[in-house]
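Throughout, protein chains are lettered first and strands after them, A, B, ... in sequence-line order, and every chain is numbered starting at 1.
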2 protein chains.
Amino acid sequence: MDKICVLFSGGKDSSLSAILLSPFFEVELVTFSFGITDSWIHAQESARAIGFPWRKLKLKRDLLERAVEMIISDGFPRNGINLIHRNAIEIASEKYTYIADGVRRDDISPKLTEREISSIESRLNISYISPLAGYSRKAVDHLAKSYFIIEEGKSENMKKGDYEDEIRAFIRNRLSEELIYEVFPSHIQSRVIALKGEWKWARKP
Amino acid sequence: MDKICVLFSGGKDSSLSAILLSPFFEVELVTFSFGITDSWIHAQESARAIGFPWRKLKLKRDLLERAVEMIISDGFPRNGINLIHRNAIEIASEKYTYIADGVRRDDISPKLTEREISSIESRLNISYISPLAGYSRKAVDHLAKSYFIIEEGKSENMKKGDYEDEIRAFIRNRLSEELIYEVFPSHIQSRVIALKGEWKWARKP
């Protein structure tokens, strides 16, 4: 089996992505961190809960600064988050040939266009796979409920290892608390805290 | 496990789609036929080769007539094939709540837009899943080669159970042989003839 790296936040989407790939690839979870907060710890805990090897990789602070500038100037986070995501894939490509994430059909960001994907795949000589891209939120929720015990909460309170947590912290520290609420609409986020029942492919041997 | 119907031609894409779903759903393969040719037999053989239950469902002749009219008037097959595909999903929805196909990220047709998918899902109260939608052709080819023994050939010579075979036959019988070559660009198609090695999830108990 080929090794695949799944960009992992600890949420139900990236967790389900790992599960769906696990019978066909040797899954390794990777969480990216700018070193601003320790939110990666929550991703590490979720990784342990679903039983895959996990590692942390670093993103540079100047990337975060560029992304935040973009988010503030746009007034919405999509382009800034996609910029970070493309950089994360690029860094992962130094170690992996197959790189996956938890992007769904109806996701807004991170979500690369077909053109961006083709360009990244040929430039970095990787295969980029989004196993949930052909699934709706409803189907993902249904499968996630069968396999995981999930904690859900508003994005501003959830402890998870996604880009948003560090972007929020950066804006809070450098700029202002209010600005966060202007650019990030509050939404429900999830974190996987345990595996349900017998999910044998997801368990380490 | 929930039952899922995979729209199945016997080619490597729909075969791989079935394999990728099989650890998570109870897979049943469905091949649609207008009753013009017996090309469904080749899909049945491929279904047997990969070890999933298979059935044939009927499409109406007047749908084929409408699709062919559209293809001839457009000068290319995309819209006609998508019309047939949407109808196939609708007929499958009478028996199944989860309906899947082998559509890839870089496919042209059949391929529904996000809007068409949302509309179909809510109108028919189904989940429509394209497990390969987040995969490129390169990644699909790589996985298919690991699991299947595949026969490849030009579309006009391949015996497989897809819509194209019957559309070609209909145009040949009703209109002219030359017209086929005008509207259908020749392309390479595949048919799965055997399962490689030990693929335990794909085999019947």
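The shortest heavy-atom contact between A:Gly134 and B:Ala133 is CA-CB, 3.7 Å. Across every non-hydrogen atom of A:His142 and B:Asp2, the tightest pair is NE2-OD2, 2.6 Å.
Dense packing is recorded around CZ of B:Arg172, with more than 12 heavy atoms of other residues, nucleotides or ligands lying under 6.0 Å away. A 6.0 Å sphere centred on CD1 of B:Ile149 holds more than 12 heavy atoms belonging to other residues, nucleotides or ligands. Enclosure of atom CZ in A:Arg115 is not indicated, since only 12 or fewer non-hydrogen atoms of other residues, nucleotides or ligands lie within 6.0 angstrom. Taking a 6.0 Å sphere around CG of A:Asn125, one finds it holds 12 or fewer heavy atoms contributed by other residues, nucleotides or ligands.
From A:Ile117, atom CD1 reaches atom CZ of B:Arg105 across 4.5 Å, with rounding to the nearest 0.5 Å. For the atom pair OH (B:Tyr128) and OH (A:Tyr135), the distance works out to 12.5 Å, reported to the nearest 0.5 Å. To the nearest 0.5 Å, atom CG of residue B:Leu143 and atom CZ of residue A:Phe25 are 4.5 Å apart. The distance from atom OG of A:Ser122 to atom NZ of B:Lys138, rounded to the nearest 0.5 Å, is 9.0 Å.
With a 4.5 Å cut-off on non-hydrogen atoms, B:Asp101 does not touch chain A at all. Contact annotation for A:Leu21: only side-chain heavy atoms (C-beta onward) come within less than 4.5 Å of a heavy atom of chain B.
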Original post:
Does the side chain to side chain contact (heavy atoms under 4.5 Å, CB included) test come out yes or no for A:Glu121 and B:Ser136, once each step is laid out?
Top reply: CA-CA 9 Å; A:Glu121 284 192 322; B:Ser136 67; 3.6 Å; yes
